[in-house]
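Right, I'll just put the structure down here and ask away after.
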Number of protein chains: 2
Amino acid sequence: MDETGDNGVAKPSRIQKQNRGRIIEAALDVFSQHGYRGATLDQIAERAGLSKPNILYYFNGKEEIHVTLLSQLMDRWLAPLRRLDPEGEPLDEILTYVRRKLEMSRKYPRESRLFANEILQGAPRIAPHLEGELKPLVDGAASTIQGWIDAGCIAPTEPRHLIFSIWATTQHYADFEAQVGVLMDGRAATDGADAFLTTLYTRMLQPVS
Amino acid sequence: MDETGDNGVAKPSRIQKQNRGRIIEAALDVFSQHGYRGATLDQIAERAGLSKPNILYYFNGKEEIHVTLLSQLMDRWLAPLRRLDPEGEPLDEILTYVRRKLEMSRKYPRESRLFANEILQGAPRIAPHLEGELKPLVDGAASTIQGWIDAGCIAPTEPRHLIFSIWATTQHYADFEAQVGVLMDGRAATDGADAFLTTLYTRMLQPVS
DNA sequence: GTGGTCTTTTACCAAATGGTCAACTTAACG
DNA sequence: CGTTAAGTTGACCATTTGGTAAAAGACCAC
């Protein structure tokens, strides 16, 4: 047993941390661009500046890299929804959530595409995370929103579909960038997106009294 | 030269039509589920009930099958937007467009996912179609919508972002079905979607006078 | 039927790919 | 230092995969 520390997991050395980081970074590049099956260990190795056997020294296989990537991604991805505050001003909370999601789309398009790729193929490797992490979080957010609706703070809607539409519209700019780029030639896509989505959800949710 | 007819293209025999059809159908299944690189000719062959070399007798290679599929798909995919009528009642026209797109998502989820997969990877094989077919169509629709806005028939917005949001929200139910299914367990996802999107775009576009 | 074309299959190939292994090099540390 | 463990690599392997060649089989007009 070469365990250190207290929980049965060996403490990673400096070199371990660095190389695992480089592999994950390279894998994010490659997986997000080509999908799971389209990505090859050679591509990841080259991008990471390591040899293929060396990659397999740090991860037990291609799938483990992918799963590690998805797990790490989930945290960052769900953070904006976690910050939805039931005590905040309802419309403002939702608009802030929309802006945060849009910012994620801008700042982390690779993560967005990796996630989209995984879901598109039926979420074979991330299904447990959807059930275990995402679902309770969404359930909570949905009842928060429902509470706002019941209190008359925002116009009535189905909370879950509202959430879906926010995901869809914000992630669209990262996931379908190739298409948006063609259709918006010249024009700045993301600037307009912010204004449009603010308008969309303001008009959608403003209570009519 | 074994050409028949008038335009240099051999007229397909009964058996040709049947087998090419079966291959395309099988390929739609496989490509939409696994993406381009994840799909194999063997899978397509098995699903089509033909041998692999026989598949390659009808198509010159994997890529040709994929491109054929995408080309055929584009027509069906753009049909709803083509039916947007500048002479119609504006809000009604857009809501009808939303419902048609949502219906496509329900009836042709494989096509939706195939398309999403292609765009996600940077549209390597469909880029010409985007420029040549999609772009002029969207330009036309955008100016139609802009006309409605200028006439005060619907509330002002950026037409292109409006179109993006319609695509995103409707296709979401097909492309992210794996996720929607987990989060909507029990509840009927598509019924609620129709009501939600109608509300969303009605509130968004109703002119305030 | 028969000749000729269209269709299908068997056997095969070269390249790509995920992964292994034993040997080698480097870092850590007393 | 020197020894031990951590890290790295070149060579190799089995399988998968897109694709080919040629022969065998089915179809069809005459």
Side-chain angles (χ1 to χ4, degrees), chain A residues 1-5 8-31 33-70 121 124-125, chain B residues 1-5 8-31 33-70 121 124-125:
Chain A
M1 300 292 147
D2 56 357
E3 299 165 6
T4 316
V9 174
K11 172 192 322 183
S13 69
R14 171 186 54 90
I15 208 165
Q16 284 238 358
K17 261 183 278 187
Q18 192 197 43
N19 281 350
R20 285 183 71 99
R22 285 163 66 155
I23 292 169
I24 285 293
E25 167 67 21
L28 176 57
D29 252 38
V30 177
F31 279 130
Q33 197 178 352
H34 303 289
Y36 180 73
R37 286 226 35 198
T40 73
L41 286 180
D42 294 275
Q43 287 174 304
I44 296 173
E46 193 189 359
R47 189 93 45 148
L50 298 172
S51 68
K52 182 166 64 171
N54 205 6
I55 297 252
L56 291 164
Y57 171 75
Y58 289 101
F59 290 89
N60 283 324
K62 185 182 179 181
E63 181 153 353
E64 193 180 292
I65 303 177
H66 196 243
V67 170
T68 304
L69 211 45
L70 287 173
Q121 329 234 310
R125 276 169 277 273
Chain B
M1 300 293 145
D2 55 359
E3 301 166 7
T4 315
V9 174
K11 173 193 319 184
S13 70
R14 170 185 55 88
I15 207 165
Q16 284 239 357
K17 262 184 276 188
Q18 192 197 44
N19 280 350
R20 285 182 72 99
R22 286 164 65 157
I23 293 169
I24 285 293
E25 168 66 22
L28 176 57
D29 252 39
V30 178
F31 278 131
Q33 198 179 349
H34 303 288
Y36 179 74
R37 286 228 32 200
T40 73
L41 286 180
D42 294 274
Q43 287 174 303
I44 297 173
E46 192 189 1
R47 189 88 52 141
L50 298 172
S51 67
K52 181 167 64 173
N54 204 5
I55 298 254
L56 291 165
Y57 171 75
Y58 289 101
F59 291 90
N60 283 323
K62 185 183 180 180
E63 180 153 352
E64 193 180 291
I65 303 178
H66 196 244
V67 170
T68 303
L69 212 45
L70 287 173
Q121 328 233 310
R125 276 168 279 273

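A, B, ... follow the sequence lines: proteins, then strands. Residue 1 opens every chain. We use all heavy atoms of the structure for the numbers below, so side chains are in, but hydrogens, waters and symmetry mates are not.
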Are Lys62(A) and Phe31(A) in a cation-pi contact, defined as NZ or CZ under 6.0 Å from the six-membered ring centre and within 45° of the axis? no
Here the distance between atom P of dT9(D) and atom CG of Leu41(A), to the nearest Å, is 15 Å
Rounding to an integer number of Å, can you tell me how far Gln16(A) CD sits from dA5(D) P?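 In whole Å, dA5(D) P lies 16 Å from Gln16(A) CD.
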Here the distance between atom C1' of dT17(D) and atom CZ of Arg37(A), to the nearest Å, is 9 Å
Per-nt protein contacts along nucleotides 25-30 of chain D (heavy atom under 4.0 Å; B base, S backbone sugar-phosphate only, - none) come out as ---S--
For Asp42(A) and dG18(C), give me the distance from atom CG to atom C1', rounded to whole Å. 9 Å
Tyr36(A) has an atom OH; how far is it from atom P of dT17(C), in whole Å? 14 Å
As a test of understanding, state which of Ile55(B), Asn54(B), Thr68(B), Leu28(B) forms a side-chain contact (heavy atoms from CB on, under 4.5 Å) with Ile23(B).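 Per the side-chain contact (heavy atoms from CB on, under 4.5 Å) rule, the option paired with Ile23(B) is Ile55(B), out of Ile55(B), Asn54(B), Thr68(B), Leu28(B).
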Using a cut-off of 4.0 Å on non-hydrogen atoms, how would the nucleic acid contact of Ala39(A) be classed: base, sugar-phosphate, or nothing?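 Sugar-phosphate, no base atom in range.
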Inter-residue atom distance Gln16(B).CD - Tyr57(B).OH, 0.5 Å rounding: 6.0 Å
Output the rounded distance in Å from NE2 (His34(B)) to P (dT16(D)).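 Answer to the nearest Å: 15 Å.
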Whole-Å gap separating P (dG19(D)) and CD1 (Ile23(B)): 13 Å
Which value, rounded to the nearest 0.5 Å, describes the distance between Tyr36(B) atom OH and Leu69(B) atom CG?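 Interatomic distance, Tyr36(B) OH to Leu69(B) CG, rounded to 0.5 Å: 11.5 Å.
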Taking all non-hydrogen atoms of both residues, which atom of Ala45(A) and which atom of Ser51(A) are closest, and how far apart?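 In terms of heavy atoms, the two residues are closest at CB-C, 4.0 Å.
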If you round to the nearest 0.5 Å, how far is CD1 of Ile15(A) from CD of Gln18(A)? 7.0 Å
Phosphate OP1/OP2 of dT9(C) contacted by Ser51(B) side-chain N/O (<4.0 Å): yes
How many angstroms lie between CD in Gln43(B) and CD in Gln33(B), if you round to the nearest 0.5 Å?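 Gln43(B) atom CD to Gln33(B) atom CD measures 8.0 Å (nearest 0.5 Å).
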Interatomic distance, Ile24(A) atom CD1 to His66(A) atom NE2 [nearest 0.5 angstrom]: 10.5 Å
For DNA chain C, what residues of residues 52-68 of chain A have any heavy atom nearer than 4.0 Å?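 Here the set is Lys52(A), Pro53(A), Leu56(A), Gly61(A), Lys62(A).
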Can you establish whether the number of heavy atoms outside Glu64(B) located under 6.0 Å from its atom CD is more than 12? yes
